[in-house]
Protein chains: 2
Amino acid sequence: MADVARLAGVSQTTVSFVVNNIEAGLPESTKRRVLEACAKLNYSPNEAARRLASKISRAIGLAIYDIMALANYRQSAGVVLASVYQAAEARGQRLQIYTTHERKENGTDVGTYFAVPVRSREVDGIVIWDQYVAEERVTAAFEEGLPIVLLDRRIGEVPAVVPDYELGFSSLADSLLDRGYERFCLALRRGSCYRDVHAKEAFISRVTSKGLPANCIDIVELDIEAEVGPTLDSEIADRMLSTNPQALVCTYDTIALAAMAAFRKRGMRIPQDIAVVGCAGVPAAADPEYDLTTLHIRYDLMADHAVDMVLRMVKGERVSGSCVAVAPELIVRSSA
Amino acid sequence: MADVARLAGVSQTTVSFVVNNIEAGLPESTKRRVLEACAKLNYSPNEAARRLASKISRAIGLAIYDIMALANYRQSAGVVLASVYQAAEARGQRLQIYTTHERKENGTDVGTYFAVPVRSREVDGIVIWDQYVAEERVTAAFEEGLPIVLLDRRIGEVPAVVPDYELGFSSLADSLLDRGYERFCLALRRGSCYRDVHAKEAFISRVTSKGLPANCIDIVELDIEAEVGPTLDSEIADRMLSTNPQALVCTYDTIALAAMAAFRKRGMRIPQDIAVVGCAGVPAAADPEYDLTTLHIRYDLMADHAVDMVLRMVKGERVSGSCVAVAPELIVRSSA
DNA sequence: GTGAAAGCGCTAACAC
DNA sequence: GTGTTAGCGCTTTCAC
């Protein structure tokens, strides 16, 4: 930088102003001279130094549970990462990736505990997309004052961006009812996952409010750790078909895709013998072999909100308790 | 840090030694006192400061052409990113993502030109996975002395890690010949892409060396910009089938998957009517609806090599001209 | 409009 | 074994 200043015949301060595009009323001629000197010397400001001096890093982190989920096309990891990257880049932020999955090595946790990089100012803040990380960890980090935002999950007062499942599953119910479906199987995860709880509630209340009996919806709770793989146990498929439903509504695309494959193996046609609907909008849902009707979670819009919130927290704004709900989009394809 | 030193009753130097795990023969008791003080004060060393002082960032970059490819399950982007992440983490490096795709905004290139972050020491080095970035850019960065390694591509003397296509397509030919296939269609991209050139050469020479006539291989060159989408033009399918081949060998999984769908739409059975083989090992290939036999590119092993090479370059080792070729693995599934 | 100078919070060479 | 000290390369306040 000193070299640039010397070559341009100005002080370091001036170079700094020009490089950082700071409005100090510098005449165009000075700016040009500095820029030319930069180009001639192939100068790029040292990022560590500017971070140290300015106390911000212009980088944010994305904490995801398991990086290998990126290679799983039945999960949304790739979509989430790409969306957050684009949101970050659009706001001039670098993106750094962290894994929250805990790993132990001779006793001590070597996993990248997501609070560390933001505490050490490696990133200014972090977006957390992880269904499994313990609530206390997140709460503790938030109470420490670290800029963190949850994606697709809600924990206490921690700022969050979630899909509007009420709206989504209500309109899904409307759409199915409009098209004459009257007997449903609702497949969801056992437990009290955010999505399953809200989806179930919304779907049932909309269907019954339209005058159909509550028993027209058969609930199947699946004991799946994470998202199911490419196949579904035969007895689960039996269970789904036991009340002879006209449509299978799943809270996850992965379940829907696995069910489609299981049904087809039995010679059933989709949607003639049974319609299938999923939720997420994973890449595989759009595959012509599946062509799954799904409630598409708008991770692109969610990422924009999440990054904005992080940046606002970095600036010191109070965002405690704020939660943005983004409407999912019903994508009707040939499976229902 | 000064607070920690005060609380532990030592100097900053000692704290630095302990925090960075430097062997200075410190007694256990001192280490413990320092660690306790760190814990009590919830201290994480400022990353910008240590990067500035130590002149290394302990972070590497991954430059990929198009981040949205991550959401495309017929491309390997997710696998590549996950593999490089794991390789980086295993070596104690942070991973930062960059997009090389050029974007213009009111005249000037706002894309993250991959040389900048390493020149500004934001990362120590960078792995480039991009089939499209101009050779001059890469060469220029390399000659500037920046630690860069190419993945899946070769440009002059720039260090690279590539799949061993000769080995892979030779063994693929062996496998098909062993199983009685004698008439092939080889589908590849027009032009002189690294993979296509090497695959074609290796496949043909192995097949003819086994005594079959050269005309038993019908070559179809596809004009596809990037990787093809989920469908294939009807006339292309016609062309592939025109010499009545027993097996279609594709240099990309995406082509193979699209061909399978096109063939099935015509009522053909796979592999009875025509066998199909791909190359890459994209997530969709393993889908039960496709179950594609493929030459699996070992991005996991390649990433290990690539990160190692970058780190060696960072340390100042001369690696000019070095290129690691990693053997692909033939995964035989039901499509061939 | 431009410059001088004081840090930012560490690391590492050198003393002791 | 532990401490002192001189930077690392910028940003930013305050003078001029």
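Both backbone and side-chain heavy atoms feed into the values below; hydrogens, waters and symmetry mates do not. Residue numbers begin at 1 in each chain, while the letters A, B, ... track the order of the sequences.
- When heavy atoms are screened at a 4.0 angstrom cut-off, T13(B) is found touching base atoms of the nucleic acid.
- Whole-Å rounding puts the R6(B) CZ to dT4(D) C1' distance at 16 Å.
- To the nearest angstrom, C1' of dC14(D) lies 11 Å from CZ of F17(A).
- Residue S11(B) places its side chain closer to dT2(D) than to any other of dT11(D), dT2(D), dC10(D).
- Atoms CZ (R50(B)) and P (dG9(D)) sit 18 Å apart, rounded to a whole Å.
- Residue T14(B) is in sugar-phosphate contact alone, with no base atom involved, counting any heavy-atom pair closer than 4.0 Å across all strands shown.
- Taking atom CE of residue M1(A) and atom P of nucleotide dT12(D), one finds them 11 Å apart after rounding to whole Å.
- The two residues V310(B) and P147(B) come nearest to each other via the heavy atoms O-CB, 4.2 Å.
- The CZ atom of R58(A) sits 12 Å away from the P atom of dC10(D) (whole-angstrom rounding).
- Close approach of DNA chain C to chain A, defined as any atom under 4.0 Å from a non-hydrogen atom of the protein, starts and stops at dG1(C) to dG9(C).
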- Query: Can C323(B) and V162(B) be said to form a side chain to side chain contact (heavy atoms under 4.5 Å, CB included), step by step?
  - Reply: CA-CA 7 Å; C323(B) 174; V162(B) 296; 3.8 Å; yes

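- Computed from coordinates, the L41(A) CG to dG9(D) C1' distance equals 15 Å when rounded to whole Å.
- Scanning both residues, L35(A) and V18(A), for their nearest heavy atoms gives CD1-CG1, 3.6 Å.
- Atoms NZ and SG, on K40(A) and C38(A) in that order, are 11.5 Å from each other to the nearest 0.5 Å.
- Between L146(B) and M313(B), the shortest heavy-atom contact is O-CE, 4.0 Å.
- Using the six-membered ring where Trp is involved, Y132(A) and Y65(A) have ring planes that are tilted, between 30° and 60° apart.
- At a threshold of 4.0 angstrom between heavy atoms, the contacts of E47(B) with the nucleic acid are absent.
- Residue K55(B) contributes atom NZ, which lies 17 Å from atom P of dA6(D) at whole-angstrom precision.
- Using a cutoff of 4.0 Å between basic side-chain nitrogens and carboxylate oxygens, E47(B) and R50(B) are scored as salt-bridged.
- Annotation: the span from R58(A) atom CZ to R51(A) atom CZ amounts to 7.0 Å, rounded to 0.5 Å.
- Using a 4.0 Å cutoff on non-hydrogen atoms, no part of residues 28-39 of chain A comes near DNA chain D.
- Rounded to whole Å, atom P of dG7(D) lies 17 Å from atom CG of N46(A).
- A 4.5 Å side-chain heavy-atom check between E122(B) and S57(B) finds every atom pair outside the cut-off.
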